[in-house]
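Please read the structure below before turning to the comments.
If you're wondering where the values come from, they're calculated on a predicted model, not measured in any experiment. In what follows, chains carry the letters A, B, and so on, assigned in the order in which the sequence lines appear, proteins first and then strands, with residues in each chain numbered from 1.
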Amino acid sequence: MIEKECDVAVIGAGPAGLAAATEADKAGCKVMMIDRDDGLGGILQQCIHPGFGLIEFKEEMAGPEYAQRYIDMLPNTNIEVVKGTMVLDMTSDKEIYAINEQGIVKIVAKSIVLAMGCRERTRGAIKIPGYRPTGVYTAGTAQRFVNIEGFMPGTKFVILGSGDIGMIMARRLTWEGAKVQAVVEILPFPSGLVRNKVQCLDDYGIPLYLSHTVVRVHGRDRVTGITIAKVDDAWKPIPGSEIFFDCDTLLLSVGLIPENEVSKKAGVKLGKTNGPEVNQFLQTNIDGIFAAGNVLQVHDLVDNVSAEARKAGRMAAMSAAGTKIPNLNDGDSVPLVAGNGIGYVLPTKINMAIPDEFVGESGLVKLSLRVKKPVNDQYLKVKNGETEIYKKAFKYMRPSEMILFELKPEVLSGIDASQSLEVFLEPKEVETTEETTEEVTEESAESTEGGE
Amino acid sequence: MSDEIEKQKVVTCVICPNSCTITVSQMKSGELVLEGNQCKRGEQYGKDEFTNPKRMLATTVRIKNAYIPLVPVRTSVAVPKGKLNEILDLLARIEVEAPIKCGDVIVENVLGLDANVIATRSLDVDTCNVIACELTE
């Protein structure tokens with residue numbers, strides 16, 4: 001068994017891993033970055049469509065270009081990149097066991113950044129009846145086949161799920177000569193961005209069936225067709241509403257799940273997002289284990305992944321150097337509660353015993369959340385007990401867009417730690433447009449929701 | 001005599017999440033009148049969508065001697081929507097050879113549209129300073 005030691009081990013070399021590793025390296029740490037793939041950049045490499053980098057690099061680029069910016073930084077760092085290596089186990093003592101062509105590798109780290117990203121929900125997760133023929137793929141797998149490996153997984157497609165990746169694949173497959181018969185969405189609204197519906201589906205006359213789902217996969221050896229049906233409010237198929245599509249392939253774009261099998265082995269506590277529970281330092285319940293990127297929560301913008309991961313890298317470096325950073329369970333923590341209209345909010349808790357190192361700029365607490373359903377003209381508010389400590393007006397809020405905001409140190413210092421913090425929406429009276437802070441991301445927002 | 005509408009088109013603006021529904025009307029005089037957009041950028045988008053809709057194209061071309069068979073490419077700027085298929089056909093017949101650097105021009109001034117087709121990934125260059133764990137210790 002090969003044994004290695006380092007200050008900071010970063011698991012995953014996608015956008016989160018790259019940003020965390022380069023940041024920890026800047027702090028002077030001995031960093032190892034481990035990835036199971038033979039290339040770096042993670043899922044960005046298969047997201048060849050433009051729309052990335054508008055915040056980080058102030059220009060619109062394709063996914064691989066974004067990754068390349070970070071990859072090109074590596075020769076000027078001391079980061080040890082360990083490719084083609086799959087992490088299988090991790091302990092709370094920060095021992096990592098991985099496997100590659102050479103055998104088993106043991107890495108003992110002082111701190112760890114979890115940056116494994118997420119994986120796609122599969123057919124099993126959504127229980128579609130029918131045989132198990134060839135021709136059912138997740139959208140991200142198809143994306144990898146088409147964009148990296150050079151295979152077309154079929155000729156006639158039905159896509160289930162209107163997330164960005166499903167819609168982007170509809171266009172991509174059309175460009176490669178396939179026929180996309182339909183995109184089917186169980187929700188009454190597209191789950192991806194409207195701009196993607198316009199430029200990926202409408203541009204090519206691909207019909208979008210809202211409030212519909214797949215009820216039958218036909219074919220024994222190969223998919224020969226798909227039957228969809230309209231669903232009622234409880235998502236139950238309505239008899240008599242069935243439509244049959246002739247196709248040989250079904251793509252599933254039905255959501256992403258943070259990939260935390262290894263985290264669980266180390267005893268990392270997972271929360272509502274299926275990602276680790278963290279405090280504002282992105283530290284989990286285990287000292288020295290941090291998390292960032294899609295392993296923590298599914299982001300819509302890769303730029304935000306990079307920013308989050310830089311913070312995790314910085315914290316991990318400090319932790320490795322011996323600074324005690326409060327973990328999730330350390331005292332004086334106030335839980336954040338997702339109230340009316342909020343799907344989830346992170347961090348899980350805010351630790352009130354902020355070490356001296358974090359006064360000023362780095363004492364800012366960044367919150368991220370997603371709303372449950374599309375709403376207009378809302379106040380986003382935070383309440384500490386009965387006291388309102390934050391309020392911001394939004395004209396539009398969509399579940400497909402992550403909302404990020406900050407609580408300033410002076411707000412934090414006034415928090416009553418015996419009361420919880422509730423984040424919630426409150427409808428705004430609609431009239432004049434006075435000084436509403438329109439939270440409109442002007443940039444195109446294709447996601448790292450590229451799935452795998 | 002008031003100007004009459006000659007042609008009308010309804011477009012959904014994709015500039016921001018607002019997603020305005022813009023009605024673009026071309027008057028007899030040739031003037032374009034927009035309705036429904038809430039900002040200047042929407043105005044430009046609406047006009048472009050009426051006269052000459054443009055899109056950025058991102059696809060792949062075959063590559064020799066790299067560890068994967070494809071290199072991703074895109075147009076340097078948005079190109080007329082009607083030309084996308086022609087560009088795709090052209091790129092389907094091209095094969096490049098590694099090494100390729102991200103940003104390398106694969107096709108210059110494609111179809112005379114004042115846009116280059118550029119690589120969006122570097123291939124067959126060592127992308128990191130240390131590769132894999134040293135086996136022998």
Name, in order of residue number, those residues of [range] that have a heavy atom at a distance of less than 4.5 Å from a heavy atom in chain A; otherwise write 'none'.
| range | answer |
| --- | --- |
| residues 79-93 of chain B | Lys81(B), Leu84(B), Leu88(B) |
| residues 28-36 of chain B | none |
| residues 42-60 of chain B | Tyr45(B), Arg55(B), Met56(B), Leu57(B), Ala58(B), Thr59(B), Thr60(B) |

Show me the donor-acceptor pairs, under 3.5 Å and distance only, between side chains in residues 104-113 of chain B and residues at least two apart or in other chains.
{"unit_1": "Asp104(B)", "atom_1": "OD2", "unit_2": "Lys101(B)", "atom_2": "N", "d": "2.8"}
{"unit_1": "Asn109(B)", "atom_1": "OD1", "unit_2": "Leu113(B)", "atom_2": "N", "d": "3.3"}
{"unit_1": "Asn109(B)", "atom_1": "OD1", "unit_2": "Asp114(B)", "atom_2": "N", "d": "2.7"}

Could you pull out the closest heavy-atom pair between [X] and [Y], with the gap in Å?
| X | Y | value |
| --- | --- | --- |
| Ala62(A) | Phe52(A) | C-CD1, 3.7 Å |
| Arg398(A) | Pro374(A) | NH1-CB, 3.9 Å |
| Ser122(B) | Cys102(B) | OG-N, 2.9 Å |
| Ile48(A) | Pro72(B) | CG2-CB, 3.4 Å |
| Glu401(A) | Asp300(A) | CA-OD2, 3.0 Å |

Among the options Ile34(A), Val198(A), Ile148(A), pick out the one with the most heavy-atom pairs lying under 4.5 Å from chain B.
->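 The option with the most such pairs is Ile148(A).
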Verify the neighbour count for atom [atom1] of [X]: are there more than 12 heavy atoms of other residues, nucleotides or ligands below 6.0 Å?
| X | atom1 | value |
| --- | --- | --- |
| Lys7(B) | NZ | no |
| Glu95(B) | CD | yes |
| Glu5(A) | CD | no |
| Phe151(A) | CZ | no |

Step by step, work out the salt bridge (charged side-chain N to carboxylate O under 4.0 Å, His left out) result for Lys4(A) and Glu80(A).
-> CA-CA 11 Å; Lys4(A) 294 251 173 185; Glu80(A) 185 174 352; 2.8 Å; yes
How far apart are the C-alpha atoms of Arg171(A) and Glu176(A), what are their side-chain angles, what is the distance that settles it, and do they pass the salt bridge (charged side-chain N to carboxylate O under 4.0 Å, His left out) test?
-> CA-CA 9 Å; Arg171(A) 175 180 64 184; Glu176(A) 288 298 331; over 6 Å; no
Trp175(A) vs Tyr204(A) aromatic rings, parallel, tilted or perpendicular, using cut-offs 30° and 60°?
->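 Perpendicular: the ring planes of Trp175(A) and Tyr204(A) meet at over 60°.
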